[in-house]
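Structure record follows, encoded as structure tokens.
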Amino acid sequence: MSDYYSILGVSRDASLDEIKRAHRKLARKYHPDVAGPDAGDRFAEVQQAYEVLRDEEKRRLYDAGGEDALRGGGPGGGPAGAGFGDFADIFSTFFGGAAGGGMRGPVPRAKRGRDSQIALDIDLVDAVFGTTEEIPVQTAVLCSACEGTCCRPGTSPVTCTTCQGLGSVQRVTRSFLGNVMATSACPACKGHGTVIPEPCQECSGEGRVRSRRTITVEVPAGVGSGTQLRLQGQGEVGPAGGPAGDLFVEIREKPHPVFQRHGDDLLCTLTVPMTAAALGTVASVETLDGPRDIDITPGTQPGQRITLDGLGVGRLRRRGHRGDLHVDVEVIVPTKLDDTQRDLLTQLAVARDEERPEARLASAESSMFSRLRDRIVGR
């Protein structure tokens, strides 16, 4: 029974890279074109060993049961099927590519254009409800003179006389394997198979020109700073009239003087007099949806939060759903009192037995500062 590891001169725990290097070295040494026809059997052994050990499944079977485990595994599974293997793989071993150089006909001139990116500044109200914006962009557009043909109007590309329209040329080179046919792109037409004798003067034979145009952008509700909108086919037109790339619009949301945004929710602060907080009142608040009345219940405390459902930001990709508007109440304590006001407050203090109130520290769980802290952390 043949020992494939010994044939290649590697250990049984050799990596695939080590096996490939050993095979490459031995294949060069024992190739009939180099070592002569007497080395054919040895070359076949090297190829057979490599075909098994380079394949993970075949190697597993071989390690488990030797050559007998490989027999019956289908063509190429055992010694009879291994042979010289795939000639393309042998060629790849020496030249790093498939036989023939991989050329498959002329290369089209038209190529996809590059993607572009632009920033768009929007107001908070636009992020809440969505909007449509017209934005100017400087980009590559199809040449109107040649319409992407790259030729002067009235002319057309002609077949390359060097490669006869194939886009590639072949040459014979000598190597230790013998004469090898190498294929490469035609230097005259750069692989296109045609040449342009009279390029378009408007675009210098590129098929596109730089121009300024206006693009309509549909901004959905719920976007925010950092959101990217992808406009397919609105980027640069490719060379020779190739398809346009995409345009990415990055949203930058401008700060609002009243409302702060936290995700899909909006926050604002409502200031009320001390008397209104104590007695209760109805306050009119101007929201992004228009004026709304808010009930200030008697005894409202500083920092108390009132939530207006569904008056926040529209949720991205969830049409019809919106966040909430949170209103934090700030109670204004007067700093200047006239004599009448002072007398009234004094009477209130007497009535409430608060002429000399006992000041004490509130518990950490119920203090206004803890409530404010929890709200800030929760944001």
Side-chain angles (χ1 to χ4, degrees), residues 121-131 221-225 252-315 320-379:
D121 295 323
I122 63 171
D123 295 319
L124 176 61
V125 66
D126 297 326
V128 171
F129 301 108
T131 186
V223 298
S225 292
R252 296 189 304 199
E253 183 183 314
K254 293 183 286 188
H256 193 276
V258 174
F259 300 102
Q260 292 183 349
R261 178 177 177 181
H262 293 273
D264 294 331
D265 293 340
L266 295 177
L267 281 73
C268 67
T269 300
L270 175 65
T271 59
V272 298
M274 176 187 66
T275 53
L279 301 175
T281 186
V282 176
S284 180
V285 176
E286 190 66 34
T287 71
L288 296 179
D289 292 80
R292 292 289 189 276
D293 289 338
I294 297 180
D295 287 329
I296 305 298
T297 58
T300 294
Q301 299 298 303
Q304 187 169 324
R305 172 167 290 181
I306 301 171
T307 297
L308 303 180
D309 297 335
L311 294 184
V313 182
R315 292 194 169 111
H321 294 78
R322 294 177 61 183
D324 301 326
L325 171 61
H326 303 289
V327 181
D328 290 337
V329 178
E330 180 180 340
V331 178
I332 304 300
V333 178
T335 56
K336 294 182 179 180
L337 300 173
D338 57 27
D339 292 340
T340 301
Q341 295 168 344
R342 187 179 300 277
D343 289 341
L344 290 173
L345 284 179
T346 301
Q347 294 177 37
L348 177 62
V350 171
R352 291 179 55 83
D353 194 22
E354 295 177 349
E355 292 176 282
R356 287 182 174 275
E358 181 182 351
R360 60 184 183 275
L361 294 175
S363 68
E365 297 301 322
S366 61
S367 70
M368 180 186 71
F369 297 106
S370 67
R371 293 196 298 272
L372 288 174
R373 177 201 64 203
D374 293 341
R375 287 187 186 129
I376 292 173
V377 172
R379 294 175 188 173

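All values below were derived from every heavy atom in this structure, side-chain atoms included, with hydrogens, water molecules and symmetry-related copies excluded.
- Shown here for Thr300 and Val331, the closest heavy-atom pair between the two residues is O-CG2, 4.2 Å.
- Thr271 places no side-chain N or O within donor-acceptor distance of the main-chain N or O of Glu330, the cut-off being under 3.5 Å.
- Counting all heavy atoms, side chain and backbone alike, Glu253 lies closest to Gly224 at OE1-CA, 3.7 Å.
- Under the side chain to side chain contact (heavy atoms under 4.5 Å, CB included) rule, Asp295 has a single partner from Ile306, Val282, Thr281, which is Val282.
- Rounding to the nearest 0.5 angstrom, the gap separating the SG atom in Cys268 from the CD atom in Glu286 is 11.0 Å.
- With Asp265 contributing its side chain and Leu325 its backbone, the two residues share no donor-acceptor pair below 3.5 Å.
- Atom CG of Leu348 and atom CG of Asp343 lie 12.5 Å apart (nearest 0.5 Å).
- Ala277 and Val272 make their closest contact through CB-CG2, 4.1 Å (heavy atoms, listed as atom of the first residue, atom of the second, distance).
- Interatomic distance, CG of Leu337 versus CG of Leu345, reported as 5.5 Å (0.5 Å rounding).
- Nearest heavy atoms, Ala283 versus Leu270: CB-CD2, 4.0 Å.
- A donor-acceptor contact shorter than 3.5 Å links the side chain of Arg315 to the backbone of Arg322.
- The distance from atom CG of Leu266 to atom CG of Leu124, rounded to the nearest 0.5 Å, is 5.5 Å.
- A donor-acceptor pair under 3.5 Å is formed between the side chain of Gln301 and the backbone N or O of Gly299.
- Rounded to the nearest 0.5 angstrom, Leu279 CG and Met274 CE are separated by 9.0 Å.
- Checking side-chain atoms of Arg292 against main-chain N and O of Val285 turns up no donor-acceptor pair under 3.5 Å.
- Considering all non-hydrogen atoms of both residues, Thr287 and Phe259 come closest at CA-CZ, 3.9 Å.
- Remark: side-chain polar atoms of Asp338 are paired, donor with acceptor, to backbone N or O of Thr340 under 3.5 angstrom.
- Lys254 pairs with exactly one of Asp123, Asp126, Asp121 by the side chain to side chain donor-acceptor pair (under 3.5 Å) rule, that one being Asp123.
- Annotation: the span from Asp328 atom CG to Arg305 atom CZ amounts to 4.5 Å, rounded to 0.5 Å.
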